[in-house]
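Some notes on the structure that comes next.
Convention: sequence-line order gives letters A, B, ...; per-chain numbering from 1. Hydrogens, waters and symmetry mates are skipped; everything else that's a heavy atom, side chains included, is used.
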There are 2 protein chains.
Amino acid sequence: MTGARLVEPDEGPRSKRGAILAAAIEYFGETGYETTKWSAVAKQVGIGQTALYHYFESKAHCLLTIMRLELQRSRDEFVEATRDEKDPVEALRAAVRAAFAVSEHEILQMRILQNNMVLLAGTRASQREETERRAARELVQLIERDWTRLLTQGMSQGAFPVRDAHTLALALLGLIVSVWRWYRPGGPTPLDEVRDLIEGCCVRMVTE
Amino acid sequence: MTGARLVEPDEGPRSKRGAILAAAIEYFGETGYETTKWSAVAKQVGIGQTALYHYFESKAHCLLTIMRLELQRSRDEFVEATRDEKDPVEALRAAVRAAFAVSEHEILQMRILQNNMVLLAGTRASQREETERRAARELVQLIERDWTRLLTQGMSQGAFPVRDAHTLALALLGLIVSVWRWYRPGGPTPLDEVRDLIEGCCVRMVTE
DNA sequence: CTAGCAACCTGAGTTCAGTTCAGTTTGACT
DNA sequence: AGTCAAACTGAACTGAACTCAGGTTGCTAG
């Protein structure tokens, strides 16, 4: 199950790329990116440090890949969840629920994404890193546009009062993703409760 | 003006501590903490790299100090803004407005705070770093309690419907601080407009 | 005035995690 | 059995954070 989504189409059968990504997600998510030694990931997978460079150009390239994959998954879920929903309020609710329908591994990935968003800002020196960064950045913009569209449609249908849809979309996204900063599985508040509270907040934010 | 708040009580007259903090805020805020070289800060201030260690134990110690100072300022502003406000809704509005009444330098500090929050999680090896980290963490918890109290009071007075006040406080805080992730002075939306939109969102989130 | 002393500063050297180099092993498929 | 690309390795390199062993500055006391 773990790493099922992490397999690229053109991978050899004895490739350890998925295992590296899974280990990196574990370490980066639990301990933090800067704090974890790249060599620790290698040890976890059972290879020498140098072998990592067969799969990733650098530690940052691995991180950017993890972030891009999560953005991609996240966006796919949004599209899937809102596709057939005509009612704007129900579409919004579906989108929020989709954002919280995540496995524990995906929670780690969301956390990693949150904590290292700053990496998507500046350009990267190396080729493959920059490619991943660009892809991730574009996904972020796509997601922002998705949410903006959801809002503009609701506004034009009269379901939501007219406001600055783009800024409001950023606010909704900010509210939702901020959860991954503090939420911990097994913590005081179960994710279902958090989800319901946030869903209500999102609806009240845009309606009325 | 810049650095006026950055002066500690027991500083010598030729201390460059404030200048270092100001330069570090500029670099860390504009370019990012990891990206900026510690030596660049030294050059900006006009001293050798080694002189930095007269004032800060490490690059991280400087960063943690910046974060702690901003948390302190931020909390003081909250207390000041809500002190005399009896009406819960007005208190909430005042708190949000206070959160957005910031100078450009303070915007940078909020951004730094946001982007490096993860640093407050794990314990630090060195003494002074760990002291700053503890102080910052406690301020975060204080701020969370302040907002939670604002909500519980509003709920017990019947101004807000009863919900999980702590989780709701985290949601409000998450929404507000998420702005510093994307907001840029001179960007498409002026801060006043952002502030008004967020203020409305916060009120709608907790009322109704 | 000048002696002492703490604050302030420096160039040279160390450390350590990330990375590169120069090859060697593995195993699928002729 | 030989070939080739994928997968891997130990040893060496790099660069930015940091340490060391002192040197300079300027206030204060005598």
What is the distance from CD1 of B:Ile20 to P of C:dA7, rounded to the nearest Å? 16 Å

Counting only side-chain N and O atoms of A:His54, is one of them less than 4.0 Å from OP1 or OP2 of D:dA7? yes

For the pair made of CD in B:Glu11 and C1' in C:dC8, what is the distance, rounded to whole Å? 13 Å

Rounded distance in Å - CD (A:Gln49) to P (D:dT9): 11 Å

Atom CG of A:Leu52 and atom C1' of D:dG10: how far apart are they, to the nearest Å? 15 Å

Heavy atoms under 4.0 Å, any strand shown: does B:Thr36 hit a base, just sugar-phosphate, or nothing? sugar-phosphate

Protein-nucleotide distance (A:Lys59, atom NZ; C:dC16, atom C1'), rounded to Å: 12 Å

Nearest-Å distance, OH (B:Tyr55) to C1' (D:dC18)? 18 Å

Heavy atoms from C-beta onward define the side chain here; which of D:dC18, D:dA5, C:dC8 lies closest to that of A:Arg14? D:dA5

Reported CH2-to-CD distance for the pair A:Trp182 and B:Glu144, which is rounded to 0.5 angstrom: 9.5 Å

Can you list the steps and then say if A:Glu129 with A:Ser58 is a side chain to side chain donor-acceptor pair (under 3.5 Å)? CA-CA 8 Å; A:Glu129 277 181 35; A:Ser58 63; 2.4 Å; yes

Among the nucleotides D:dC8, C:dG18, C:dT10, whichever has the atom closest to the side chain of A:Ala51 is D:dC8

A:Tyr53 side-chain N/O to D:dT9 phosphate OP1/OP2 under 4.0 Å: no

Taking OP1 and OP2 of C:dC9, is either one under 4.0 Å from a side-chain nitrogen or oxygen of B:Lys16? yes

Pair B:Arg128 + B:Glu132: basic N to acidic O under 4.0 Å: no

Round to a whole Å and report the spacing from CD of A:Glu34 to C1' of C:dG18. 12 Å

Are the ring centres of A:Tyr33 and A:Trp38 closer than 6.0 Å? no

Between A:Asp76 and A:Arg73, does any NZ, NE, NH1 or NH2 come within less than 4.0 Å of an OD or OE carboxylate oxygen? no

Taking atom C1' of C:dG18 as reference, at what distance in whole Å does atom CZ of A:Arg124 sit? 13 Å

